[in-house]
Each structure stands twice: as structure tokens, then as C-alpha cells.
Amino acid sequence: MTNPLTMKSWSPYVAGAGIGLLSWFAFASADHPIGITTAFENSAALVEKAAVPQVEQTNDYFAKKEAEGKPPKIDWEWMLVIGVFIGAIISSTLSRDRGSAVVPPLWSWRFGDSALKRLVVAFGAGALMMFGARLAQGCTSGHGISGTLQLAVSSWIFISVAFAVATATVWAIYGKEGAQHV
Amino acid sequence: MFDSPTKLALGLLTGIFFGFLLQKGRVAKFEVIVGQFLFKDWTVVKMMGTAVVVGAVGVYALVAADMASLHIRPALLGGVLLGAVCFGIGMAVFGYCPGTSVAGCGEGRRDAMVGVLGMFAGAALFVALYEQLAPVIKSLGDWGKITLPEVTHTSPWLWVTVLVAGGGAALLYDRWQHRNRSALSPPLSERSSDYR
């Protein structure tokens, strides 16, 4: 029998069930839902405070978070993000599923194989995605998995709208012909 | 500035398992995420759906046993709706979501790494513009930290049962379809991308 750790892919049902069980563990051990983007906001706030100390007086953000009892800090979720990076290194190393690709094939079919173009757009799109996640206070993990499994109204609205908009965007970019290139 | 060392260690451990599962589930890949929105690859929906169904049962059981509490994000409609639109466009163009882009970095993908730097810039912009954004987030109404059972005055277990039944039915349908497809054209089921 093949060692599951060295397999390149697991059934999405098995991997998904694993994430569901991991949610139990996160709630039971740390009373915390799995999420990614709050850690980015906290890091950005800490960097801004370190770079421009007077920002704490000029930007209402810091007083508001202090009042909410959630000042920016290196917390459970911050370490979770580091862990995701390490976990993916472990998994991809065991299965030799590593690559340093810059331009995905579908992207190069549509936009050519300029690495610079792909990286500039990836930077901008990553920024827009994170900006949206912080406006909504969650992402595919925080709202899409942790929020929906808690049956939160905000999360079911967020993930429905986000996935509908993403679907429309992808079809506007790649269209029917692109679907043949995946 | 820092959580307790135990909490930090628990976060790291949870993250390592999360990243491992995301990579093994193949969602740390541009083509799988975009393939979902092109309806060519249903990995994302299968994985998220299973995680939500399994997670809901256990988390509501933990809450019932008083071993954990719910952590509901407020339904601030302006923030949730505008955020979802920005998020959807950004994710579609980037080809990763926040968690899977960090896992994509672990896999060695360069575009994911640059995108994560962009994500940091997006977070910095959000913090810097917070005072201007706060009224936008609160526009269109604030329904508070509410859940579907609370809104409908029903038991959460009714909703959990519906999720389990819906997930089970979707799984059976997928297996049944898979068997029919395999019967018609056996080589398809052996394709690596079609691995289940």
C-alpha cells in the first residue's frame, strides 16, 4: 500500500473531513476558529506602529481595537499562518510536489508568459483580496469554513457573494474557451 | 504583544496540519482554484463542503458540552458586501485565497509568494484608511453577531441535520456519477487529475 504521506493528492472528501476535525481541535484546545487574514491585519498594524509611532494617536484604529480588547499582537492565529506555510512545505516535500512556477499554464494561454506581468497582477490582486477580507472580517477560512460551520449569517452572505463574484470574474477573463485549457 | 507560549504552540500545530491538508487536497494550486470557478474541477467545493459539515457537528457538540464558545463575525452589511466583491475579484485574478496562497508559498510557487506580499500591502492599506472605512463598513445596516438558528428561532441541530443530509446526498450523487462515468470510459478514472 502506498504511504498516504508521500501521495501527491488526497481525496477532497478526506482532506475536507480532516479540516473539519481540525476545527474541533482548534475550538477545543484554544477556543478559536481557524482564520488567516486577521493575522495579516495585526502584523500590518504592528509594522505601522513601529514605523510611525505617532500613528497610535492619529489613527483611531488603535484606540478602537484596544477598547474591543483586541490590540494587534502576535497571537494564536499569527502562528497558525506560519504553520500553514510549514505544513505545505512538509506535505509537498514528502510527495515531491514542489515547483517554482511563476506563470500558471491557463494564465499564459490568456495573457502570455511574461513573468513580470503575472507577478505585478498577483501583487495587486492579493492586495485587493486582503482589503476585501478585512472589510468583511474574514476570508475563505474565517468566513467560508469557520463561519459557515458556526451557521453565522455574515459568513453565509460573504461566501455566497464572494464566490458568485469570483465566478463572474473568472468567466469574464477566461471564458468558455479558457475552460478547455484547465 | 504576545499570546501565552502554550497558545502560540497550539496555533503553530493547528497551522501545520491545516497547511498539510490544504496541500494534500490540491487547493494550493492556481489551476484548481480557477478550475472550480470555471466548473471544471470541483475540488474546492467538495473540500469546503466536507469541512463545514464535519466541523459543524463537532463544534456545536463542543458548545453544547460547554467546552467551547461560538465566535461569530458581525453581519455589518456594508463591510461584508463590499468586502465580498473586492475579495471575489481579487481571488479570481490571483488564483489563490488567503490560506491557500500561504500554502502555495510552501509549495514553492513564486506568484503566490508575490501575492502574499500584496496581501500584506492590502492589510496595511486597510489599517491606514480605517477611519475613512469605518462608516462604509457600518453603512447598509448592522444585524449584529447572529446565526441562522437565532434569526429563524429554530434549533441549531435542525440546521446541522440539514447540512449533514445535504452533504451526504451530494456525496452519494458524486459517487454514483463517478461510477457511471468510469463504466463508460474506464481510462478517465485513472487520470491523475481525476484522482479521488
Side-chain angles (χ1 to χ4, degrees), chain A residues 9-12 15-16 18-20 23-24 27 30 33 36 40-41 44-45 60-61 75-76 79-80 83-85 87-89 91-92 98 100 102 104 119 122-123 125-132 134-137 139-141 149 151-154 158 161-162 165-167 169-170 179 182, chain B residues 3 7-8 10-12 15-16 19-21 23-26 30 35 37-38 40 43 46-47 50-52 54-56 58 68 72-73 75 79-80 83-84 86-88 90 92-94 97-99 102-103 106-108 110-111 114-115 118-119 121-124 126-127 130-131 147-148 196:
Chain A
S9 70
W10 287 2
S11 153
I19 292 173
S23 278
W24 304 8
F27 271 89
I36 298 285
F40 277 81
E41 183 182 314
D60 203 25
Y61 175 87
D75 59 358
W76 181 90
M79 294 304 288
L80 180 109
V84 168
F85 180 63
I89 292 178
S91 169
S92 61
R98 300 184 57 76
S100 52
V102 178
L119 294 181
F123 185 93
L128 179 66
M129 175 174 81
M130 177 60 69
F131 190 76
R134 291 332 300 158
L135 279 172
Q137 295 186 45
C139 62
T140 324
S141 306
L149 74 82
L151 306 170
V153 170
S154 56
F158 174 83
V161 175
V165 170
T167 301
T169 310
V170 160
V182 180
Chain B
D3 266 353
K7 221 167 171 198
L8 292 179
L10 282 171
L12 184 68
I16 290 174
F20 191 93
L21 289 165
Q23 207 283 327
K24 282 277 178 268
R26 299 180 62 250
F30 174 96
F37 297 121
L38 286 168
K40 276 286 179 177
T43 303
K46 288 175 188 171
M47 221 169 129
T50 313
V52 170
V54 172
I72 306 295
R73 310 288 161 95
V80 168
C86 294
F87 188 89
V93 175
F94 184 23
C97 67
V102 175
E107 211 179 286
R110 299 291 190 264
D111 55 342
V114 173
M119 281 154 59
F126 174 81
V127 172
Y130 184 76
E131 291 188 41
T147 64
L148 296 168
R196 270 147 218 272

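Below, read A as the first sequence line, B as the second, and so on, with proteins coming before strands; counting in each chain starts at 1.
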Please answer whether the main-chain N or O of A:Asp60 pairs with a side-chain N or O of B:Glu131 as donor and acceptor at a distance below 3.5 Å.
-> yes
Please name the pair of heavy atoms, one in B:Gly106 and one in A:Ala88, separated by the smallest distance, quoted to 0.1 Å.
-> CA-CB, 4.0 Å
Taking every heavy-atom pair that is under 4.5 Å apart, which of B:Ala121, B:Gly99, B:Gly79 has the most such pairs with chain A?
-> B:Gly79
Of the listed A:Leu80, A:Ile19, A:Val165, the one with the largest count of heavy-atom pairs under 4.5 Å with chain B is A:Leu80
Output the option from A:Met129, A:Met130, A:Gln137 having the highest count of non-hydrogen pairs under 4.5 Å with chain B.
-> A:Met129
Candidate pair A:Asp75 and B:Lys7, rule side-chain contact (heavy atoms from CB on, under 4.5 Å), full reasoning | CA-CA 8 Å; A:Asp75 59 358; B:Lys7 221 167 171 198; over 6 Å; no
When rounded to the nearest 0.5 angstrom, what distance separates CD1 in B:Ile72 from CG in A:Leu151?
-> 7.5 Å
Check step by step if side-chain contact (heavy atoms from CB on, under 4.5 Å) holds for B:Phe87 and A:Thr140.
-> CA-CA 9 Å; B:Phe87 188 89; A:Thr140 324; 3.4 Å; yes
Spacing of OG belonging to A:Ser154 relative to CZ belonging to B:Arg73, to within rounding of 0.5 Å = 8.0 Å
Looking at A:Cys139, A:Ala127, A:Gly132, which one has more heavy-atom pairs under 4.5 Å with chain B than the rest?
-> A:Ala127
Measure distances from A:Ile36 to the heavy atoms of chain B and classify the residue's part below 4.5 Å as side chain, backbone, both or neither.
-> side chain
If you count heavy-atom pairs under 4.5 Å between each of B:Gly35, B:Gly25, B:Gly55 and chain A, which one has the most?
-> B:Gly55
Which atom of B:Ala92 lies closest to which atom of A:Ala166, heavy atoms considered | CB-O, 3.6 Å
How long is the span from the OH atom in B:Tyr130 to the CG atom in A:Leu135, to the nearest 0.5 Å?
-> 10.5 Å
Evaluate side-chain contact (heavy atoms from CB on, under 4.5 Å) for A:Val153 paired with B:Leu148, printing each intermediate quantity in order.
-> CA-CA 6 Å; A:Val153 170; B:Leu148 296 168; 4.0 Å; yes
Identify the two heavy atoms, one from A:Ser100 and one from B:Arg110, that lie closest to each other, and give their separation to 0.1 Å.
-> O-CG, 3.3 Å
Looking only at B:Cys86, B:Gly115, B:Gly11, B:Gly90, most heavy-atom pairs under 4.5 Å shared with chain A are made by B:Gly11
Check whether any side-chain N or O of A:Arg134 sits under 3.5 Å from a backbone N or O of B:Phe126 as a donor-acceptor pair, and report yes or no.
-> no
Picking from A:Ala122, A:Ser141, A:Ala152, which has the most non-hydrogen pairs under 4.5 angstrom with chain B?
-> A:Ala122
Measure the CG-CG distance between B:Asp111 and A:Leu119 for me, rounded to the nearest 0.5 Å.
-> 7.0 Å
Heavy-atom pair count under 4.5 Å with chain A, highest-scoring of B:Cys97, B:Ala124, B:Ala84 = B:Ala84
Least distance between heavy atoms, B:Gly122 atom then A:Phe131 atom = O-CD1, 3.8 Å
Minimal heavy-atom distance between A:Ala136 and B:Gly83, with the atoms involved, is CB-CA, 4.2 Å
Quick one: CD on B:Gln23 to CZ on A:Phe85, what's the gap to the nearest 0.5 Å?
-> 12.5 Å
Closest non-hydrogen atom pair, A:Trp76 against B:Leu10 = NE1-C, 3.7 Å
Any sub-3.5 Å donor-acceptor pair from B:Lys24's side-chain atoms to A:Ala15's backbone N or O?
-> no
Residue, of A:Val170, A:Thr169, A:Ile89, that accumulates the most heavy atom pairs under 4.5 Å with chain B | A:Val170
